[in-house]
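In the text below, chain A, chain B and the rest are named by the order of the sequence lines, each starting its count at 1.
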Protein chains: 4
Amino acid sequence: MRSVIVHGTGQVSVDTVPDPTLPGPDGAVVAVTATAICGSDLHFYDGDLPFYPVALGHEVVGRVVEVGPDVRRVRVGDRVMVASVAGCGECRGCLAGDPVTCVKGGQVFGSGTGLGGGQSELLGVPAADFQLHVLPEDPAELSDEAALLLTDNLGTGWAGAQRADIPPGGTVVVLGLGAVGLCAVRSALALGAGRVLAVDPVGGRVERAVASGATAVEGPTVEAVLEATGGLGADAVIDAVATDGSMTDAFGAVRAGGTISVVGIHDLEPFPLPLLMGVYRSVTLRMTTAPVHRTWRDLVPLVRHGRLDATGIFTHTFDLDDAADAYAAVAARSAEVLKVRLTPGA
Amino acid sequence: MRSVIVHGTGQVSVDTVPDPTLPGPDGAVVAVTATAICGSDLHFYDGDLPFYPVALGHEVVGRVVEVGPDVRRVRVGDRVMVASVAGCGECRGCLAGDPVTCVKGGQVFGSGTGLGGGQSELLGVPAADFQLHVLPEDPAELSDEAALLLTDNLGTGWAGAQRADIPPGGTVVVLGLGAVGLCAVRSALALGAGRVLAVDPVGGRVERAVASGATAVEGPTVEAVLEATGGLGADAVIDAVATDGSMTDAFGAVRAGGTISVVGIHDLEPFPLPLLMGVYRSVTLRMTTAPVHRTWRDLVPLVRHGRLDATGIFTHTFDLDDAADAYAAVAARSAEVLKVRLTPGA
Amino acid sequence: MRSVIVHGTGQVSVDTVPDPTLPGPDGAVVAVTATAICGSDLHFYDGDLPFYPVALGHEVVGRVVEVGPDVRRVRVGDRVMVASVAGCGECRGCLAGDPVTCVKGGQVFGSGTGLGGGQSELLGVPAADFQLHVLPEDPAELSDEAALLLTDNLGTGWAGAQRADIPPGGTVVVLGLGAVGLCAVRSALALGAGRVLAVDPVGGRVERAVASGATAVEGPTVEAVLEATGGLGADAVIDAVATDGSMTDAFGAVRAGGTISVVGIHDLEPFPLPLLMGVYRSVTLRMTTAPVHRTWRDLVPLVRHGRLDATGIFTHTFDLDDAADAYAAVAARSAEVLKVRLTPGA
Amino acid sequence: MRSVIVHGTGQVSVDTVPDPTLPGPDGAVVAVTATAICGSDLHFYDGDLPFYPVALGHEVVGRVVEVGPDVRRVRVGDRVMVASVAGCGECRGCLAGDPVTCVKGGQVFGSGTGLGGGQSELLGVPAADFQLHVLPEDPAELSDEAALLLTDNLGTGWAGAQRADIPPGGTVVVLGLGAVGLCAVRSALALGAGRVLAVDPVGGRVERAVASGATAVEGPTVEAVLEATGGLGADAVIDAVATDGSMTDAFGAVRAGGTISVVGIHDLEPFPLPLLMGVYRSVTLRMTTAPVHRTWRDLVPLVRHGRLDATGIFTHTFDLDDAADAYAAVAARSAEVLKVRLTPGA
């Protein structure tokens with residue numbers, strides 16, 4: 001089958017590799033119908049995590065083509081989405097819907113850790129009853145685009161907003177308005193925020209957030225947030241960038257007793273945490289990889305009933321064979337390219 | 001001054017009574033600019049609580065005309081709204097924003113318990129720094145109508161929704177779509193409900209709820225809810241009617257482990273609680289008088305920032321002098337008359 | 001095998017019945033080593049639920065003697081305890097550890113609903129990986145007595161205390177000091193209650209609660225609680241009796257804004273709920289059948305690490321063959337007989 | 001009056017200074033009967049915060065000797081304890097019991113920020129109705145020692161435990177067993193922890209924790225915690241040291257999805273936060289200065305009813321005049337000197 005492989009910094013190709021086999025008796029093989037590039041894929045593409053070659057991709061919608069003998073719920077032919085993080089499906093952490101806390105260690109697809117890459121024609125999925133969510137047959141009820149977002153970015157934005165401890169009517173700052181940040185804006189509002197102050201230096205991204213209900217922040221972030229909150233600071237800051245600069249802004253913009261919720265990860269070096277200030281102001285810092293399965297319980301009905309908008313995030317579609325072009329487009333981090341879908345059609 | 005007095009079943013008149021005096025050194029007197037009739041006023045009008053005469057009214061917006069020497073925050077001339085329930089302002093319950101739990105016992109204005117009626121030209125308000133919320137001078141920032149709803153009905157609907165333990169994306173049933181029920185519909189959606197199933201036998205009321213984002217329930221309530229939830233029942237039922245009939249529907253429609261949140265009170269007789277069924281299905285029953293002051297923390301920013309709609313609930317305005325007509329209109333419980341405002345203008 | 005069967009009011013015998021077969025491929029058969037009589041068994045014995053004959057018993061510790069082909073975790077020979085309520089083990093409710101909310105409907109063993117009775121030599125257990133908790137081989141780590149309590153009564157007392165919304169340092173009233181009530185006393189203290197006021201008219205029962213850390217209530221309950229709380233009422237009342245009388249006491253003793261948590265069920269007739277008072281005082285009423293599996297997550301470590309005492313509750317042991325005597329002893333509701341164990345040994 | 005002043009690193013003297021005057025019409029003056037040295041006082045003594053001279057001390061029990069005209073609740077002659085952190089008493093943060101979130105900025109007594117030092121004969125207290133808690137006249141009901149701990153260290157340990165998100169039955173690690181750490185051990189157990197693993201390199205301190213119910217950790221912390229938790233890590237780590245070393249241990253010892261709660265502050269330099277690891281393992285980091293007033297709601301009943309032990313923490317008493325000796329004793333950080341009281345008696 002064809003599979004997107006990163007071989008070095010900026011070097012992506014679509015290679016022919018062996019088809020995946022069933023990963024154990026509780027596993028399944030999914031024929032990918034749509035997949036997407038995530039910001040975290042860029043850590044490999046940009047050379048931050050130079051462990052090559054890696055089969056990339058962890059956002060997948062497809063059809064089940066094979067199931068193992070221990071699979072009970074999922075059936076061949078089912079239209080499914082795949083959780084970006086995989087767990088054993090049986091431990092206390094997985095039962096709570098959070099494979100990050102799996103006793104065997106949750107793993108992300110397409111990250112060189114043993115699970116295959118989702119930017120391929122086929123994907124092997126262990127513990128399929130747990131990892132796969134069966135979608136309605138009719139895309140009008142839940143589209144491929146919405147489902148792709150549910151495999152990671154929307155769950156990440158949602159979890160980041162939930163863990164931001166937003167009081168009803170509270171003021172939230174979202175730093176970074178890529179796909180995850182935009183999902184966090186929408187999630188914060190769906191969870192009862194009074195207003196969301198949106199920040200992104202890339203021209204055009206703030207406008208998308210404003211169209212989703214946010215308020216644009218003008219000028220330096222910390223000053224603007226303090227101005228908007230009578231000098232107190234925001235109840236919560238969701239940092240979807242996580243550079244030293246954004247984290248410093250977060251600590252400057254959050255109110256005493258407030259929460260900083262980090263869902264991105266940009267700089268891989270340690271951040272110099274202002275512990276003294278954090279203790280004196282009773283700040284909570286939450287760092288989060290989405291408990292994808294748990295977010296589905298909330299998000300599937302919210303999206304299906306139209307309470308949370310999952311449209312307008314994908315801006316481009318490429319054929320899987322053009323993955324190199326797609327990666328180059330995403331890596332440019334322009335305002336036009338927010339989120340890219342790959343279709344291994346044809 | 002003029003004041004609306006109920007003298008017996010169906011007997012309301014606007015009488016001239018002595019002006020209120022300052023209720024203690026921490027009190028204030030408010031000149032009423034707008035007041036409203038609440039469903040609970042009808043308990044006196046309909047004869048359920050035959051303790052006559054009673055000066056009615058507990059929903060008031062006005063201007064402060066006098067303050068006692070111990071008042072620190074509120075000033076003469078301030079545009080204010082008055083909490084429908086009054087507390088001492090100093091005990092643990094009041095500090096938590098809930099005068100229902102006041103150690104001295106919270107009291108409702110206009111209920112014959114010592115506090116004056118708000119459907120008057122003037123109202124004496126004890127513990128004014130606690131009971132009064134200073135409004136922005138410009139009604140465009142927070143209208144009289146929104147403020148009137150914040151004194152009771154919107155806070156009640158909000159508290160009813162908050163105490164309904166709605167999971168994000170959950171299914172909520174709202175029984176009774178008067179002003180409080182409609183506020184509960186909007187509150188449930190603002191708090192992250194996936195869908196709200198709205199029920200009211202009065203023609204036309206369901207349409208208003210649908211316009212607010214709810215789904216109309218067709219046919220018998222319990223059957224319809226079970227049908228909509230795959231036989232499981234709703235995560236939460238908000239009962240804004242509280243008759244034996246509505247409560248029976250609530251127990252039939254709620255899922256095992258779910259919550260029934262009662263914010264109305266219609267029948268004053270005890271309800272025959274199905275305790276055996278409640279225990280076997282682990283049902284939570286919450287009964288609530290709004291902690292008005294606490295709800296302001298959430299609701300004032302939500303309304304001001306446009307996240308919660310407070311319009312479209314008042315359907316009629318009467319001059320205070322025409323209170324008898326106003327009461328007759330409300331008591332008819334028609335679809336046209338949802339909520340009535342009285343203005344003691346002129 | 002031998003099995004305790006109730007044939008009518010006060011008529012219990014130990015009959016020879018066919019051995020249970022494997023209840024499906026995910027089921028197991030357990031050889032009972034210890035079982036116990038629960039207060040709820042008396043509904044059948046006393047004639048409140050006259051659906052005879054019924055094989056009784058839902059509190060079981062034993063050894064696995066057979067497992068179906070789909071059982072993954074539990075093995076023949078394992079020392080196990082059995083959850084008193086059984087669920088499918090796969091739905092969202094079961095995954096959350098609460099078979100009461102099972103989509104297929106949770107069922108109690110030994111209640112005539114299809115599952116066998118545990119006061120027998122053998123018990124068939126469906127969804128064995130879910131229903132069975134494997135115990136340490138050494139009873140010194142977790143005794144049969146502790147495990148029997150974990151199958152129901154301790155979980156019920158714990159759930160009742162958890163759902164009583166006890167603030168740290170708060171005052172809790174426990175009505176009824178049978179095995180469940182005594183477990184609720186200990187649970188409330190383990191969960192941070194400041195004091196527990198214990199009530200039971202049966203002489204001697206209060207003393208056991210006092211030995212567990214509670215304070216005895218002298219005289220009429222409501223007056224005594226108001227006296228002890230400066231007239232405010234208790235933060236929480238746990239009602240482990242649930243008669244009209246105890247419920248009326250609960251409503252009289254709870255503070256405004258407080259919670260009544262019902263874990264017993266005595267009268268099967270509806271309770272005349274004072275809805276008006278409940279709404280005016282914002283009372284929460286929680287009714288609960290224990291989510292046994294979920295309570296194990298909390299209670300197994302608490303009991304094993306000695307943080308929650310599970311001793312001193314069983315007062316008598318009978319041979320299974322003497323079940324009629326055992327039931328007569330329990331039904332007398334004397335102070336001496338708190339909890340009775342049956343051993344189908346020999 | 002006499003007052004403890006730090007003039008430079010290791011230079012403490014008891015100087016005669018002017019008596020404090022009433023800090024505004026809502027203030028009071030308290031005659032100190034007992035005060036204590038806190039670990040945070042050592043930041044000045046050790047030279048980490050070289051802003052000399054500073055009048056030290058923020059843990060005070062005493063008698064009110066003067067009140068301003070706006071004080072309503074507290075009276076001259078009352079036996080009182082003083083919150084270590086002072087707020088305005090009127091804003092939303094203060095009403096919630098947390099002066100750290102005071103809109104005017106909470107301030108610590110004795111830290112050179114405008115409020116006086118409590119290691120003196122007299123202390124001026126603003127917003128006295130808020131800052132002072134009136135104690136029972138009889139020390140047998142609440143001793144000076146218990147009250148001194150309630151002004152800071154016990155509230156800090158309690159808040160640290162509360163914010164550690166301890167699941168019932170969970171495993172907690174406490175790093176650093178000074179007075180705050182020991183209070184955290186007791187608090188964690190009172191809040192339902194299954195076991196507390198206690199760590200302190202200073203010989204003898206672990207023994208005190210074990211006597212309070214903790215389990216001693218042998219050998220390197222991270223390895224020992226992983227061993228004790230089957231490789232998963234602890235549900236929560238309370239770090240009462242906050243050096244780079246302890247924080248690194250905390251990140252190594254906490255489980256995926258767990259919480260690190262920092263209540264000490266030792267190194268004033270930024271800590272190199274492992275953000276990548278934190279995000280991949282969904283770790284929450286809470287930093288906390290105690291919301292002292294709020295903790296009183298929980299702790300006063302818990303201590304008075306004997307549910308939380310406040311004894312055995314003070315190991316030495318010095319006369320205020322011997323403050324230099326007292327500081328030298330504390331600064332040595334030996335096992336014998338856990339907590340020192342100063343009495344400005346005579």
Side-chain angles (χ1 to χ4, degrees), chain B residues 40 43 48-49 85 91-93 96 98-106 108 111 156 159 163 165 230-233 239 242-244 247 255-291, chain C residues 40 43 48-49 85 91-93 96 98-106 108 111 156 159 163 165 230-233 239 242-244 247 255-291:
Chain B
S40 60
H43 286 305
D48 302 331
L49 295 171
V85 189
C91 71
R92 182 168 166 174
D98 185 1
V100 171
T101 63
C102 177
V103 298
K104 297 180 182 169
V108 179
S111 59
T156 300
R163 283 169 57 94
D165 307 317
L232 292 180
D239 186 347
T243 58
D244 280 9
M247 289 286 286
R255 70 165 168 80
T259 294
I260 298 169
S261 177
V262 179
V263 287
I265 180 69
H266 192 276
D267 294 343
L268 303 188
E269 294 302 304
F271 166 71
L273 179 77
L275 191 55
L276 179 63
M277 188 265 257
V279 168
Y280 276 7
R281 287 172 57 83
S282 293
V283 172
T284 294
L285 174 65
R286 293 188 190 268
M287 299 161 273
T288 306
T289 289
Chain C
S40 60
H43 286 306
D48 301 333
L49 295 171
V85 190
C91 71
R92 181 168 166 175
D98 185 1
V100 171
T101 63
C102 176
V103 299
K104 296 181 182 169
V108 179
S111 59
T156 300
R163 282 170 58 94
D165 307 316
L232 292 180
D239 187 346
T243 59
D244 281 9
M247 289 287 285
R255 70 165 169 80
T259 295
I260 298 169
S261 178
V262 179
V263 286
I265 180 67
H266 192 275
D267 294 344
L268 303 187
E269 293 303 302
F271 167 71
L273 179 77
L275 192 54
L276 179 64
M277 188 266 256
V279 168
Y280 275 8
R281 288 171 58 81
S282 294
V283 172
T284 293
L285 174 64
R286 292 189 190 267
M287 297 160 275
T288 306
T289 289

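Proximity to chain B (any heavy atom under 4.5 Å) is restricted, for C:Met247, to the side chain, taken from C-beta onward.
Under the side chain to side chain donor-acceptor pair (under 3.5 Å) criterion, no residue pair touches residues 268-283 of chain B, with sequence neighbours excluded.
With B:Leu275 as the partner, the side chain to side chain contact (heavy atoms under 4.5 Å, CB included) test is satisfied by one option alone out of C:Thr243, C:Leu268, C:Ile265, C:Leu273: C:Ile265.
When the candidates B:Val262, B:Leu285, B:Val108 are compared by the number of heavy-atom contacts under 4.5 Å with chain C, B:Leu285 comes out ahead. Each of B:Ile260, B:Val103, B:Val100 has some count of heavy-atom pairs under 4.5 Å with chain C, and the biggest count is that of B:Val100. Listed options B:Val279, B:Leu232, B:Asp98 were ranked by heavy-atom pairs under 4.5 angstrom with chain C; first place goes to B:Val279. For chain B, the option among C:Val263, C:Val85, C:Val283 with the highest count of heavy-atom pairs below 4.5 Å is C:Val283.
Of the possible polar contacts, none joining the C:Thr284 side chain to the B:Arg286 backbone as a donor-acceptor pair under 3.5 Å is found.
Annotation for C:Ala256 and B:Thr101: closest pair O-CG2, 3.3 Å, computed over non-hydrogen atoms.
In terms of the side-chain hydrogen bond (donor to acceptor under 3.5 Å, both in side chains) criterion, C:Asp244 has no residue partners (sequence neighbours excluded).
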